[in-house]
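A short worksheet on the structure shown next.
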Amino acid sequence: MHVNDHDRYDLLVVGSANADLVVGVERRPAAGETVLGSDLAVHPGGKGGNQAVAAARLGARTALLARVGDDAHGRLLLESQKEAGVETAGILVGGAPTGVALITVDPSGDNSIVVSPGANARLTPQDIRAAGPLFAAARVVSVQLEIPLETVAEVAAAMAADTRLVLNPSPPAPLPDHVLAACDPLVVNEHEARYMLGDDAGSTPEEWARALLGLGPQSVVVTLGAAGALVADGRTGEVVTVPSLRVEAVDTTGAGDAFTAALAWRLGLGEELAQAAAFAVRVGAAAVTRQGAQASFPTAHEVPAP
Ligand code: ADP
């Protein structure tokens, strides 16, 4: 892989890219049953793909390291990344079909989802080692858990000394200590915080944040939906609440990905954690006011004023 000297990236996202295949149904089929649904809608998704698009749309120089299949879904995902302005030299092709999420939506809006990780499961530690120039060129690296854990561990090991790692443990899974220690910050929603803390969670978000710091990350961000976020810095021991904007939420899909991408970008520009989170809650708030995941992510102009 060739990266020019002038190709410095604000953000390198390492993660999943999926095609979301969505069908509306009157009701879910029981075992052995067939039901007819609406026309198929195909949307680009996956946490890695979402974060990369969110950052690029805000104006960040962004690269995505991911794996897709040599198929129509893979080409759709490459296209959507390019259209958002993401550098796609790090998107590897082949080895398995593109990851898909098979989503049925019933009239109440509830989703049933089957994920086939496909090529995402074939993003290997070797792929990370081969992407050394991308890592060397990035101010911040953002990773989630929709790729193999051993690959995430290699990302933590591949970090250059002056590069910052932002990790969102979604879907939640146990993390090795050396990965936790590299996080600056670990970004969790309420569900992920409870998973990571188990019975020791405590009862308030502030208690969660302090308990999460005890697991070893340099800093912690807890997202709290309409309530905004909480940031905790292990260096100062300071915990700060970052209130959200009051908005009319129509679809919260991808809000966490937009938040994390915005946060990671701003941290790379040198902002303090609380300052970067204050920007990220505005991006998250904008994303929930529109339908869809990537389709809902704002440009810099569309981010509401504080
Ligand atoms: P996830 O999407 O991972 O479950 P959250 O629900 O905590 O995570 O949302 C992430 C961020 O998106 C929040 O910190 C907030 O900034 C924004 N957000 C989510 N829901 C709302 C809402 N109803 N109103 C305003 N902002 C929201």
Side-chain angles (χ1 to χ4, degrees), residues 13 15-16 18 20 43 45-55 57-58 101 103 109-111 113 115 142-146 166-173 175 183 185-197 201 204-209 212 217 219-232 239-267 271 273-300 302-306:
V13 180
S16 61
N18 286 331
D20 292 347
H43 303 294
K47 292 195 146 286
N50 285 353
Q51 285 194 8
V53 166
R57 200 165 286 159
L58 289 168
I103 305 173
D110 283 333
N111 292 336
I113 306 178
V115 171
S142 179
V143 65
Q144 323 78 36
L145 303 186
E146 291 182 340
V166 175
L167 186 148
N168 171 219
S170 175
L175 289 173
C183 298
L186 175 76
V187 182
V188 293
N189 65 16
E190 180 171 344
H191 166 69
E192 291 144 10
R194 288 185 189 278
Y195 173 93
M196 294 198 71
L197 294 169
T204 66
E206 180 161 348
E207 285 172 353
W208 304 341
L212 287 165
S219 57
V220 168
V221 175
V222 183
T223 64
L224 301 167
L230 201 78
V231 309
V239 179
V240 178
T241 303
V242 180
S244 183
L245 306 185
R246 206 178 271 272
V247 292
E248 183 83 30
V250 300
D251 182 359
T252 61
T253 314
D257 298 332
F259 175 98
T260 303
L263 178 87
W265 174 44
R266 289 302 181 111
L267 288 173
E271 290 187 1
L273 194 56
Q275 196 183 7
F279 176 73
V281 295
R282 289 158 50 205
V283 173
V288 303
T289 61
R290 296 199 288 217
Q291 287 289 343
Q294 293 181 13
S296 74
F297 297 159
T299 63
E302 292 166 341
V303 178

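Atoms within a ligand are numbered from 1 in the order they appear, just like the ligands themselves.
Not one N or O of V288 is nearer than 3.5 Å to an N or O of ligand 1, by distance alone. For N189, a nitrogen or oxygen atom sits less than 3.5 Å from a nitrogen or oxygen atom of ligand 1, counting backbone and side chain alike. Among the atoms of T252, none of the N or O lies under 3.5 angstrom from an N or O of ligand 1. At a 3.5 angstrom cut-off on N or O pairs, G256 counts as close to ligand 1.
Distance alone, capped at 3.5 Å, places no donor-acceptor pair between the T252 side chain and the A255 backbone.
For atom 12 (O) of ligand 1, the closest non-hydrogen atom on the protein side is A255 CB, 3.6 Å. Of all protein heavy atoms, the one lying nearest to atom 22 (C) of ligand 1 is A226 CA, 3.5 Å. Nearest to atom 8 (O) of ligand 1 among the protein's heavy atoms is T223 OG1, 3.4 Å. Scanning the protein for heavy atoms near atom 26 (N) of ligand 1, the closest one is S244 OG, 3.2 Å. Ranking the protein heavy atoms by distance from atom 14 (O) of ligand 1 puts G228 O, 2.9 Å first.
Using a 4.5 Å heavy-atom cutoff, the side chains of W208 and M196 are not in contact. No side-chain heavy atom of N168 sits less than 4.5 Å from a side-chain heavy atom of S142. Looking at L175 and L145, their side chains come closer than 4.5 Å, going by heavy atoms from C-beta outward.
Those atoms of ligand 1 that come under 4.0 Å of a heavy atom in F259, given as number and element, are 14 (O), 16 (O). When each atom of ligand 1 is checked for a heavy atom of V281 under 4.0 Å away, the hits are 16 (O). Near A249, meaning under 4.0 Å from one of its heavy atoms, ligand 1 places the atoms 23 (N). With ligand atoms numbered from 1 in the order given, ligand 1 contributes 24 (N), 25 (C) to contacts under 4.0 Å with heavy atoms of V247.
A cation-pi contact links R266 to F279, judged by a cut-off of 6.0 Å to the six-membered ring centre and 45° from its axis.
Assignment of L245 to the shell around ligand 1 is supported, since a heavy atom sits closer than 4.0 Å.
With rounding to the nearest 0.5 angstrom, the CD atom of Q144 is 7.0 Å from the CG atom of D257.
When heavy-atom distances to ligand 1 are checked against a 4.0 Å cut-off, D257 has no atom that comes that close, whether in backbone or side chain. Neither the backbone nor the side chain of V283 has any atom closer than 4.0 Å to an atom of ligand 1 (non-hydrogen atoms only).
The two residues C183 and L167 make their nearest non-hydrogen contact at SG-CB, 3.6 Å.
Counting heavy atoms only, G225 comes closest to atom 13 (C) of ligand 1 of the residues A193, G254, G284, G225.
Side chains of S16 and N18: no donor on one and acceptor on the other come within 3.5 Å.
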Does the pair F297 and E302 meet the rule for a side chain to side chain contact (heavy atoms under 4.5 Å, CB included), with working shown? CA-CA 9 Å; F297 297 159; E302 292 166 341; over 6 Å; no
Side chain to side chain contact (heavy atoms under 4.5 Å, CB included) between N189 and F259: does it pass, once the steps are laid out? CA-CA 11 Å; N189 65 16; F259 175 98; over 6 Å; no
Could you go through the side chain to side chain contact (heavy atoms under 4.5 Å, CB included) check for L230 and V239 one step at a time? CA-CA 7 Å; L230 201 78; V239 179; 3.8 Å; yes
